[in-house]
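Everything below concerns the one structure shown next.
Proteins come first, then strands; the chains are lettered A, B, ... in the order of their sequence lines, and each starts at number 1.
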Amino acid sequence: MFKPVDPNVKFPQLEEDVLAWWEANDIVAKSLTAGEKPFVFYEGPPTANGRPGLHHTISRSFKDVILRYRSMQGYRIIGRREGWDTHGLPVEIEIEKKLGFSGKPDIERFGIAEFNRLCRESVWEYIQEWKAFTKRIAFWLSEDAYITYENDYIESTWWIFRQLWDRGLLFRDYKVTMHCPRCGTSLSDHEVSLGARDDVDDPSVYIKFRVKGTTAPPPAVDGTLNDAFLVAWTTTPWTLPANVALAVKHDAEYVEVEHNGERLVMAAALVDQVLPAESFTVLRRFRGNDLVGLRYEPLFRGVPGTGDTVDWETAYRVIADEIVSLDDGTGIVHIAPAYGDLEVGRKHGLPTLFSVGLDGRVLPEFAELGFAGKFFKEADPDITRNLKSRGLLLRSGRVRHYYPFCWRCSTPLLYYAKRSWYIRTTAFKADLVANNQQIHWVPEHIRDGRFGNWLENNIDWAISRERYWGTPIPIWTNADGSHMVCIGSLAELEEKVGRSLRDIDLHRPYIDEVVWEDPNHGLMRRIPDVADCWFDSGSMPVAQWHYPFENRDVFEMAHPADYICEAVDQTRGWFYTLHAVSTLLFDRPAFKNVICLGHILDKDGQKMSKSRGNVIEPQEVINAYGVDALRWYLFTAAPPGNARRFSMDLVSESMRKFLLTLWNTYAFFVTYANLDQWQPNSGRTAEVQPIDRWALAALNQLVQNVTDAFEEYDVYTAANAIEHFVDELSNWYVRRNRRRFWKSESDADKEAAYQTLYTCLVTVAKLAAPFTPFVSEVIYRNLVAEHDASAPESVHLARWPHVDRALLDDQLVADTEALLTAVSLGRAARKQANLKVRQPLSELWLRASTPALLNGVRRFEAELRDELNVKAVRYLDANSAVVEYRLKPNLRLVGKKFGKLVPALTAALRDLSGDTARAAAQAVEAGQPVRLPVDGQEIELLAEEVLVESSAPEGYAVAEADGMLVALNTTVTEELRLEGAARDLVRYIQEARKSAGLAISDRIHLFLTSADEADLLTATLAKYGDYVKNETLAVALDIGTPPDDAYTETNEFGDGTVTVGIVVAR
RNA sequence: GGGCGUAUAGCUCAGCCGGUUAGAGCGCGAUCCUGAUAAGAUCGAGGUCGGUGGUUCGAGUCCACCUACGCCCA
């Protein structure tokens, strides 16, 4: 006996039970340690300082499904362990918020030790929720986690730093970085992109610079422009005090115009956009080059950087540079090297002057102007006002444009020239590109598209962060920076300082206290920077094993990974850092296969975010429909690379469509198998029917298809193939074979049906196990494990099904498809004639356009008769005089062969009619060529190049599609009418039995009465009384009014009604 | 400004090497089938396949340009 199956299953409850069983039987641990051949997986570490969300569900589901598949194939999964990303600015920001801090000085006052202690704690804030979530969604991982803040992990990253250092790949340079004044740190490119907006409202000001003098040698215009104004445009007035030059485009045309009594200079192409029409007259025209060397009066005096000496002669002049465009502005560009134009400044020997400090506030040197100490954006109006009062403002307004913001704290960012540390990834561009070619990307276009493109445009990796909670960069330096060493291990550091550091916390501030006196260079102190936290996660292939200090063998085996999976935002994040570290250190990719997931959107296509309030919590979905339903939806709804819209309703649909269909098929099987006390592997003889062979052929084809798709990491195709099969199993195989399960004899035919359905269910449970681990487990356990002590106790410990090639049968599958087409057409024809399927009909005519199709139908003619409730199937051939024929070319074949002749050919075939068409149709059916004149020449078409269609015979209901025509004889004879009436009665009685709540096996005493169709009822029962009794388990049948205690229902019957009365027989 | 992707029914999505009447599911309406079914079948309403041009005998599909949206980069 199988455990009875509840048809009203509640999946969330079922899943909880399975979880408990897994727990009690240690299934996860057994799975984690099973297998032989290694399959290597890297877990992209999340940070547990936020709650797990839907996007985590999707990535973890896609990770899990592949790992389960490989595990069932007998692989041992390496790296199936938790990993936690613990460092970085996001963590610090959280703590700062909590403490109400507004920048680095607050942290320093508070104390780095305590601050970092809080950071370390906070990354575990939601760890319990993560653990519960991981378990609940059945993402099987070992809890033996790698943690990026642990000393061992840090030591491994130090080893990497040292490798890079020894090869000269670590360097320090001035670069303009995006600087967040609130966080007090540079942001990496990928961080900048996270917070940039392109609809930022900013000032748009046109500033006048008064020309005064020239450099030597003087420019072409010489002194003639003295006291004219060069007009420049900017959206960042706060950078104007840092101005050191004005740039023009060397070959562009510039004009001197007269406007309101002043002479203004700007690009000819832009003057109409800057000044109102007819408010100016053009005085002169120049080339940009003619202006180079003009001097102008500075608006303000900028502040030199600390310790810098400035040659003021080099400042406040006109230069020509490539960066000038004529797309907007005035064609004259204000240059402030400190805030973005550093390269230009270098090229032209300009000084670097500052107006705003790293804290984002206007420098105290501007005190007398009244805006010192103001936040830079807030100083904009003051500066504009100041210039206006001095008559130097031509125009001001607002503009919407792109501007970057801190992705964490939303503070506007500064372009700021700072010194920082870099990894010279650009030196390895060719290797990065080449190694990428070895990676199998899903979807494919990421490889040469988004990711390949990113590698092509590679820039050096800014690795240092002037922060606190992160991997300390292991570089020690003396006071003047003339001597630096990079430390590659704890042992090396111990040797330097001459004491044990075993109990030290490698984080700041403790590591900063580790100093030593170098006899030649003085006191060696660590640089204050910590590493970009992307460096941590990118180093995980090495650091998760504490390589090379431990686990050398594990690392060698587990690099590169066979498979990783994250969302598309990681192209510039983890995918890149993994790839970069691996290429630089080992010159090979870090992973072989990667599924790159699209983002999840709400039902309106909007990104889910807390601020929009459209976030769906995974728990909400899981509580309603269960994890299997959610997972199934994620796998089947869209190819993984697409962005996907999500809603609860879609998960519900997914559950009904697949899980319930599967469950009901399973419940049906168990119900009848238990009634018959059926056992698997009983050794009883089975008389296998064609439909059984069809089911097994389709099943084995499914195994093949799912396996093939998995090998390509095509989860979407694999899942949809399963769904399609389950649908056919339920709605064709089970529906067609119900009677074989019902019938009372336990013969070989019934045995075959049981065996077939059992095999299908067990195999599907295994195929579905990676996708829907819970329901698969329940089905497998009830059907297999609980009856067979030798079978693996869990479906997840079972072996992946293999294809039984002997059972594959393409012909059978194709023939069944033909049958299904014919059935569908027959139903359509019935609908047209308004003849319900219960009403038997005498005959059906069928025409198939190809022999293959025809043979398919012939093979299953009995099924066709039964499905469509017709007495006979007849075949129309070209000899039948009842129909007209239409001919069409088979374009796929004919097109290539005849090219331009195709339209004429099509017309010529279409114009055939009557006997000519019939003759052609006969030829095609006989496999002979058809000759016909086209465009004055004789064309010969092979039989397969012509498609024959036929019109409906008179008096028939017809449906046609997919090369097949079905015509039903609609004449209902008296005999057919009685038979239809009998089937109506059976149907009504069954319905009444069900409504009355009778058990399937209950016997009844039946009462039938019809006031207005008494004759029909009598005639029907005279002929079909026994049939009706038999079908409905009636031990007695009376024509007459039922007793008062009978259950009664009245239904349409003939042109009147019939009343059914039921009393349970004792 | 550049790159990548997406655009097909009210909604979610398929659509292969270019080929005959562009499909499925959901939803809606109608009918039917059903003693496994929270199911299923048939029919109907609902499509300028984002737009314009091109290649071709033939374009949802290939090419070019454009538009909108998303992501990434500047």
Side-chain angles (χ1 to χ4, degrees), chain A residues 5 7-9 189-190 192-194 196 325 327 402 404 443 445-446 448-454 456-457 459 567-569 571-572 598-599 601 603-607 633 636-639 641-647 649-650 652-657 659-672 720 723-724 727 730-732 734-735 738 741-742 823-832 834-838 867 869 888-896 898-906 947 949 959-963 987 990-991 993-994 998-1001 1031-1033:
Chain A
V5 175
N8 298 316
V9 61
D189 298 308
H190 29 254
V192 171
S193 63
L194 290 174
S325 93
D327 293 341
Y402 168 94
H445 62 77
I446 304 277
D448 294 322
R450 190 174 285 211
F451 195 68
N453 223 277
W454 164 253
E456 289 291 348
N457 298 314
I459 52 167
V568 65
D569 51 296
T571 24
R572 267 72 174 184
H599 284 130
L601 308 172
K603 65 178 182 348
D604 302 317
Q606 297 283 308
K607 199 156 81 178
Y633 163 76
T636 53
N642 292 11
R644 58 184 72 219
R645 299 187 181 200
F646 185 92
S647 74
D649 289 344
L650 292 170
S652 160
E653 183 187 327
S654 181
M655 177 191 71
R656 289 198 311 270
K657 197 155 168 276
L659 290 181
L660 280 174
T661 308
L662 176 61
W663 189 261
N664 289 324
T665 308
Y666 160 66
F668 171 88
F669 171 82
V670 168
T671 304
Y672 286 94
N720 278 292
E723 183 164 298
H724 180 74
D727 182 65
S730 167
N731 288 313
W732 183 251
V734 172
R735 190 166 59 78
R738 261 187 291 233
F741 294 96
W742 295 344
V823 167
S824 169
L825 288 172
R827 290 209 184 103
R830 273 188 172 274
K831 169 74 190 175
Q832 237 178 68
N834 201 17
L835 286 164
K836 53 192 177 186
V837 178
R838 279 204 304 269
E867 272 295 304
N869 198 14
K888 297 202 300 196
N890 187 346
L891 285 174
R892 202 185 286 260
L893 300 175
V894 160
K896 296 240 158 38
F898 293 101
K900 286 188 201 287
L901 223 59
V902 167
L905 183 65
T906 308
L947 300 176
E949 290 176 355
E960 187 176 12
D962 297 336
R987 167 80 202 112
Q990 300 289 36
E991 189 65 42
R993 285 181 60 112
K994 199 173 176 184
L998 268 59
I1000 294 172
S1001 53
E1031 285 291 312
T1032 60
L1033 300 186

For the student: nearest non-hydrogen atoms of A:Pro443 and A:Gly641, plus distance:
CD-CA, 3.8 Å
Classify A:Asn720 by what it touches in the nucleic acid, base, sugar-phosphate, or nothing, heavy-atom distance under 4.0 Å.
nothing
C1' spacing across the pair B:rA7 / B:rC49, given as an integer number of angstrom
10 Å
Distance, rounded to the nearest Å, where A:Phe669 contributes CZ and B:rA36 contributes C1':
13 Å
May I ask you to test the A:Arg450-A:His445 pair for a side-chain heavy-atom distance under 4.5 Å?
no
Interatomic distance, A:Lys657 atom NZ to A:Leu659 atom CG [nearest 0.5 angstrom]
11.5 Å
Stems formed with participation of RNA chain B [Watson-Crick or G-U wobble, under 3.5 Å, three or more pairs]
B:1-7 with B:67-73, B:10-13 with B:23-26, B:28-32 with B:40-44, B:50-54 with B:62-66
Among B:rC13, B:rC71, B:rU20, which is the nearest nucleotide to the side chain of A:Leu891?
B:rU20
Check nucleotides 62-68 of chain B against the protein and report each pair of N or O atoms closer than 3.5 Å, with its distance, or say if there are none.
none

side-chain N/O A:Arg738 vs B:rA36 OP1/OP2, d < 4.0 Å
yes
dist A:Arg656:CZ -> A:Thr661:OG1 (nearest 0.5 Å) comes out at 10.0 Å
A:Thr636 side chain reached by A:Glu723 side chain, heavy atoms, under 4.5 Å:
yes
May I ask you to say what A:Pro889 touches in the nucleic acid, namely base, sugar-phosphate or nothing, with a heavy-atom cut-off under 4.0 Å?
base
Mind checking if A:Val823 touches a base, just sugar-phosphate, or nothing, with heavy atoms under 4.0 Å?
nothing
d(CG, A:Asn890; C1', B:rU20) in whole Å
8 Å
Mind calculating the distance between CH2 (A:Trp732) and P (B:rU34) to the nearest angstrom?
15 Å
What's the CD-P distance between A:Glu723 and B:rC13, to the nearest Å?
15 Å
Heavy atoms, side chains only, cut-off 4.5 Å: are A:Phe668 and A:Val734 in contact?
yes
Pairwise P distance, B:rC11 and B:rG27 [rounded to whole Å]:
16 Å
Closest to side chain of A:Thr665, choosing from B:rA38, B:rA39, B:rA36
B:rA36
If the P atom of B:rG47 is compared with that of B:rA24, how far apart are they to the nearest Å?
16 Å
Can you work out whether A:Leu947 or A:Ile446 has the more 5'-proximal nearest nucleotide on RNA chain B?
A:Ile446
Where the side chain of A:His445 is concerned, which of B:rG3, B:rC4, B:rC57 is the nearest nucleotide?
B:rC4
On a whole-Å scale, what distance lies between the C1' atoms belonging to B:rC26 and B:rG46?
14 Å
A:Met655 atom CE is separated from B:rU37 atom P, nearest whole Å, by 16 Å
Does A:Leu893 or A:Phe668 map to a spot on RNA chain B nearer the 5' end, using the closest nucleotide for each?
A:Leu893
Measuring from atom CG of A:Asn664 to atom OG1 of A:Thr671, what distance do you get when rounded to the nearest 0.5 angstrom?
10.0 Å
Taking only the side-chain heavy atoms of A:His599 (C-beta and beyond), determine which of B:rA36, B:rG5, B:rC71 contains the nearest atom.
B:rC71
Please state whether the base of B:rC33 and the side chain of A:Arg987 form at least one donor-acceptor pair under 3.5 Å?
no
To the nearest 0.5 Å, tell me how far A:Asp569 CG sits from A:Thr571 OG1.
7.0 Å
Report the distance from atom CZ of A:Arg572 to atom C1' of B:rG5, rounded to the nearest whole Å.
12 Å
Indicate yes or no: at least one non-hydrogen side-chain atom of A:Leu660 is less than 4.5 angstrom from one of A:Val9.
yes
When you measure from the side-chain N and O atoms of A:Tyr672 to the phosphate of B:rA36, is any distance below 4.0 Å, counting only OP1 and OP2?
yes
What interatomic distance, in whole Å, is found between P of B:rC71 and the corresponding atom of B:rG10?
26 Å
Atom CG of A:Asn664 to atom P of B:rU37: distance rounded to whole Å?
7 Å
Nearest-0.5 Å distance that lies between atom CG in A:Leu650 and atom CE in A:Met655
13.0 Å
Using only heavy-atom distances, decide whether a donor-acceptor pair under 3.5 angstrom links the side-chain of A:Ser730 to the base of B:rA39.
no
Output the single nucleotide from B:rA14, B:rU37, B:rG5 whose closest atom is nearest the side chain of A:Pro639.
B:rA14
Where does B:rC4 fall, syn or anti, if syn means a chi angle no more than 90° from 0?
anti
So does A:Val902 get a backbone contact from the side chain of A:Thr906, meaning a donor-acceptor N/O pair under 3.5 Å?
yes
C1' gap between B:rC28 and B:rU21, integer Å:
24 Å
I'd like the C1' distance from B:rG18 over to B:rG54, given in whole Å.
15 Å
Just how far, in rounded Å, is C1' of B:rU55 from NZ of A:Lys900?
11 Å
Any protein N or O atoms within reach of nucleotides 25-28 of chain B? Criterion: under 3.5 Å, listing atom names and distances.
{"from": "B:rG25", "atom 1": "O2'", "to": "A:Glu653", "atom 2": "OE2", "distance (Å)": "2.7"}

Can you find a heavy atom in the side chain of A:Val5 that is under 4.5 Å from one in the side chain of A:Trp663?
yes
Integer angstrom distance from the C1' of B:rA9 to that of B:rG50:
15 Å
Would you compute the distance between atom CZ of A:Arg738 and atom OH of A:Tyr672 and round it to the nearest 0.5 angstrom?
8.5 Å
Please pick, from B:rG19, B:rC4, B:rA36, the nucleotide with the shortest atom-to-atom distance to any side-chain atom of A:Arg735.
B:rA36
